[in-house]
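Data block below; observations after.
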Amino acid sequence: MSFTPFLKWAGGKRWLVKLKSEIFDLNFNKYVEPFVGSAAIFFHLLPNKSILSGKNKSLIDLYRAIKIDWKKVQKELIVHSRNHSFDYYYFLRSKNYNDPFSKAAQFLYLNRTCWNGIYRVNKQGIFNVPKGSKDKVLLDTDDFEMVSEYLKNSTLLDGDFADTIEMADKGDLLFIDPPYTANHNNNGFVKYNEKIFSWDDQVRLSGCVIKAKDKGVRIILTNADHESVRRLYENDFKVESISRASILSGKAEFRRQVSELFVTNLV
């Protein structure tokens, strides 16, 4: 059984579930994901025990709010759906809530109605993505009660990836999907990605992953398909390029094939 993620998130891995479904058919103790976004792999596996974490505290707070009281989040999301309009989007975008459930509903509303589901803040930390073309606030696949249930045995953390990876033990499954773009795999990769995930972080991440592998942790990692990244892992893992259709454009005629790096110690 799997479950449809309720978030749209840049770099989401729904495509990986379809392309590599056989590799996720394995037994493990707990599931650990240090760069959680839409949690597509989590909702595919529905593990009994897990650790989900990331540096985006607002995102983690959304998961926390649904886990604690999904009804409060859904109630406010219904209100946003009824009021949704061009003006309402910018009105709600400017609001600053203290209540965790109001903040969670606001976050989810903006995620579903902003341009392409992008999360971006300015230098003051204020969300500044314009309204997108999609106006559906409530989805047919929404089941926040089940999401809450699936999160019951999940530890939700906001912080550095190294701390989360350290929590993975022998027999656990560690899924790692750091921020990267496939659009600059060969053209100015390091310079372009420096703003979203620095090269120093890439090197630090590889050290954490190799240490986890030596502990007996089962590892699946995706990353930019660049020779510099490949060299970080090729001596310790099975490394391959996998191709998928780019979904950055809403129009099929502008989509193209892109490659991503797939790294694992599973055979």
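Predicted model only: the values in this text are computed from it and were never measured.
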Judged by atom type as modelled, is there a donor-acceptor pair below 3.5 Å linking the side chain of [X] to the main-chain atoms of [Y]?
X: Lys215; Y: Glu166; result: yes
X: Asn265; Y: Ile219; result: yes
X: Thr164; Y: Ser53; result: no

Qualifying residue, where the test is side-chain contact (heavy atoms from CB on, under 4.5 Å) with Tyr31 and the options are Asp172, Ile41, Asn48: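 Of all the options given, the one that passes is Ile41.
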Which residue, Leu174, Thr155, Ile51, forms the side-chain contact (heavy atoms from CB on, under 4.5 Å) with Met167? Ile51
Check Phe42, Phe175, Phe197 against Phe35 for a ring pair (Phe, Tyr, Trp, His ring centres under 6.0 Å) and give me the one that passes.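 Exactly one candidate clears the test, Phe197.
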Is there a donor-acceptor contact under 3.5 Å linking the side chains of [X] and [Y]?
X: His84; Y: Tyr109; answer: yes
X: Asp61; Y: Ser58; answer: no
X: Gln202; Y: Asn223; answer: yes
X: Ser154; Y: Ser50; answer: yes
X: Thr4; Y: Arg14; answer: no
X: Lys103; Y: Asn98; answer: no

Decide, yes or no, whether a salt bridge links [X] with [Y] under the criterion of side-chain N to carboxylate O below 4.0 Å.
X: Glu145; Y: Lys71; value: no
X: Asp158; Y: Arg64; value: yes
X: Asp142; Y: Arg112; value: yes
X: Asp99; Y: Lys72; value: no

Search all heavy atoms of Tyr97 against all heavy atoms of Ser102 and return the closest pair with its distance. CD2-CB, 3.5 Å
Aromatic plane relationship, Phe3 with Phe43 - under 30° parallel, 30 to 60° tilted, over 60° perpendicular: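 Tilted: the ring planes of Phe43 and Phe3 meet at 30° to 60°.
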For a quick test of your reading: what N or O donor-acceptor pairs under 3.5 Å do the side chains of residues 125-134 make, sequence neighbours left out?
from   : atom 1 : to     : atom 2 : distance (Å)
Asn128 : OD1    : Arg120 : NE     : 2.9
Lys131 : NZ     : Asp135 : OD1    : 2.7

